[in-house]
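In what follows, a structure is listed as C-alpha cells, so that the remarks can point back to it.
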Amino acid sequence: MTIDPFAPLLKRLRLTSDLSPEVEQSIRRLPITIRRMEGGQTIVATGDRPAVCCLIVDGFVQRSKIVGEGSRQILAFHQPGDIPDLQSLYLHVLDHEVTTLGDCTLGFVPHDPLRAVVRNNPDVAEALWRDTLIDAALFREWICNVGRREAASRLAHLVVEVYERLAAVGRVTGLSFKFPATQVVLAEAIGTSTVHLNRVLQELRTKGLLEIERGAITIFDLEGLRHAADFDPLYLHLDPAL
DNA sequence: TCATTAAGTGCTT
DNA sequence: AAGCACTTAATGA
C-alpha cells in the first residue's frame, strides 16, 4: 500500500497556483516522515521551536490558544493537504497549539530542505505565500464570525466553510463528510458555551439544515445553510475563475 | 458525550 | 423598560 503523502497538498496548491512538473517534482522529492496520531494529541505546543513542518495527509487538526484560566479558543481547523504550522518555517517560536481533532496521518517535513526548495524555486515560494495569505483571509472571516454573527449563523458558517474547503479538493461525496468534532470543540470554535452551542445546533437541526453526530456532519439543505450563515465564498479564494 | 432546565446577566431597542 | 441572546450551574440519560 503506497500512499503519496504530497498528493493532497499538490491538489490544493493547483487550485490557486500553476505548478510546473518540475516544481511538483521538487516538492515530491522533499524528505517526509509519516506518522499516525490519535485524536486529542498535541502536535506542537506554544513556545515550541519546531525543526519540521507538519503536512496533513489524512484527518483533521485544530489550531488553538488558551485564554485566561484555561478556556480555549479554536482558531482554525485544517484538513488533508494543509500545513497548519507552515509559519514555523520563518517564525521560529510557536505562539499557539496544534492538536489532532481525530485520528490523523501526518507527514513531517524538515525545515532545512523545505527552506532550500523555497529559495531555489520562486514558484514554490509564491504558491506557499499565496497559501499563507488565504490562511489569513480565513482568520479575518473567523473574526467577523465570532465577533458579529449570532451563534446559529456562526455554527452554520463553520460547517459551510469546512464543507466548501473539503469539496474543493474532492474530499466529500454528496453532502455528508466525516468531521470528528464534539459539541465542546464546536463551542470552542464559535466562542459560545456548550449549552448554547447545543441549543443552536438543535435550531439548525429542527430547520432541516443539517445533522451533526458521531463525528460526521450531514448537510440537508446547503442553500438554506449558506443563507443562515451569511456565507460568501470569496474569502476562501478557491475559485480559479477569479 | 449530549441534552435539558432554572435562574440570572447584560446588551439592544 | 422589555425582550433577547447568552451564561453558569446543576442534573440526568
Side-chain angles (χ1 to χ4, degrees), chain A residues 36-46 56 58-80 82 84 96-106 138-166 171-232 235:
Chain A
R36 190 87 195 142
M37 279 179 88
E38 288 182 1
Q41 311 266 88
T42 300
I43 301 170
V44 279
T46 303
I56 306 175
D58 193 42
F60 295 92
V61 315
Q62 55 202 344
R63 293 161 76 184
S64 63
K65 282 187 85 123
I66 303 297
V67 181
E69 293 304 305
S71 84
R72 185 171 73 147
Q73 175 67 46
I74 292 174
L75 309 163
F77 290 115
H78 289 278
Q79 66 183 48
D82 289 355
H96 61 276
E97 335 271 342
V98 183
T99 51
T100 55
L101 187 51
D103 295 351
C104 286
T105 305
L106 305 171
L138 264 74
F139 282 135
R140 287 192 287 277
E141 192 62 37
W142 275 51
I143 290 173
C144 293
N145 210 36
V146 172
R148 280 292 177 256
R149 291 195 180 96
E150 295 192 345
S153 291
R154 274 184 249 174
L155 179 58
H157 200 281
L158 172 62
V159 169
V160 177
E161 178 180 295
V162 172
Y163 167 78
E164 292 286 353
R165 293 193 72 237
L166 286 171
R171 294 192 85 95
V172 283
T173 44
L175 290 171
S176 197
F177 52 93
K178 190 170 175 291
F179 190 70
T182 62
Q183 294 195 0
V184 171
V185 166
L186 293 171
E188 285 171 337
I190 69 168
T192 67
S193 64
T194 53
V195 170
H196 201 55
L197 181 279
N198 180 265
R199 186 195 299 246
V200 299
L201 172 55
Q202 290 186 48
E203 185 185 325
L204 297 180
R205 238 182 334 229
T206 304
K207 287 180 175 165
L209 298 176
L210 56 68
E211 177 61 278
I212 301 179
E213 56 175 358
R214 286 187 305 277
I217 296 180
T218 304
I219 297 174
F220 295 128
D221 177 359
L222 183 56
E223 280 321 303
L225 203 58
R226 279 209 181 93
H227 185 257
D230 174 38
F231 195 86
D232 179 347
Y235 76 101

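Numbers restart at 1 for each chain; the letters A, B, ... are given by sequence-line order, proteins then strands.
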> Once you round it to whole Å, what is the distance between P of B:dT4 and CD of A:Q183?
Replying inline: 10 Å
> Taking atom P of C:dT7 as reference, at what distance in whole Å does atom CD1 of A:I190 sit?
Replying inline: 9 Å
> With a non-hydrogen cut-off below 4.0 angstrom, is A:T194 in contact with a base, only sugar-phosphate, or nothing?
Replying inline: nothing
> Can you name the nearest heavy-atom pair linking A:V200 to A:A151, along with the distance?
Replying inline: CG1-CB, 3.7 Å
>> Counting only side-chain nitrogens and oxygens, does A:N198 get under 4.0 Å of the OP1 or OP2 atom of B:dA3?
In response: yes
> Can you check the A:L101 CG to B:dT1 P distance for me, whole Å?
Replying inline: 11 Å
> Whole-Å distance between C:dA5 P and A:R199 CZ?
Replying inline: 10 Å
> B:dC2 C1' sits how many Å from A:L201 CG, rounded?
Replying inline: 10 Å
>> Using modelled atom types and a 3.5 Å cut-off, is there a donor and acceptor pairing between side-chain atoms of A:T182 and backbone atoms of A:V185?
In response: yes
> Using a cut-off of less than 4.0 Å, is there contact between a side-chain N or O of A:R154 and OP1 or OP2 of C:dA5?
Replying inline: no
> In whole Å, what is the span from the CD atom of A:E203 to the C1' atom of B:dA3?
Replying inline: 16 Å
> Given that A:R148 and A:T182 both sit by DNA chain B, which one's nearest nucleotide is further toward the 5' end?
Replying inline: A:T182
> If you look at every strand shown and take non-hydrogen atoms under 4.0 Å, does A:S193 touch a base, only sugar-phosphate, or nothing?
Replying inline: base
>> Rounding to an integer number of Å, can you tell me how far A:L197 CG sits from B:dC2 C1'?
In response: 11 Å
>> Can you measure A:H196 atom NE2 to B:dA3 atom C1' for me and round it to whole angstrom units?
In response: 15 Å
> Taking only N and O in the side chain of A:Q202, is any of them less than 4.0 Å away from OP1 or OP2 of B:dT4?
Replying inline: yes
> Just checking, any donor-acceptor pair under 3.5 angstrom between side chains of A:E141 and A:N145?
Replying inline: no
>> Using a heavy-atom cut-off of 4.0 Å across all strands, would you classify A:R205 as base, sugar-phosphate, or nothing?
In response: sugar-phosphate
>> Can you give me the closest heavy-atom contact between A:L186 and A:A181, atom names plus distance?
In response: CD2-CB, 3.9 Å
> Do the side chain of A:T218 and the main chain of A:E211 share a donor and acceptor less than 3.5 angstrom apart?
Replying inline: no
> Base, sugar-phosphate, or nothing: which does A:E213 touch, judged by heavy atoms less than 4.0 Å apart?
Replying inline: nothing
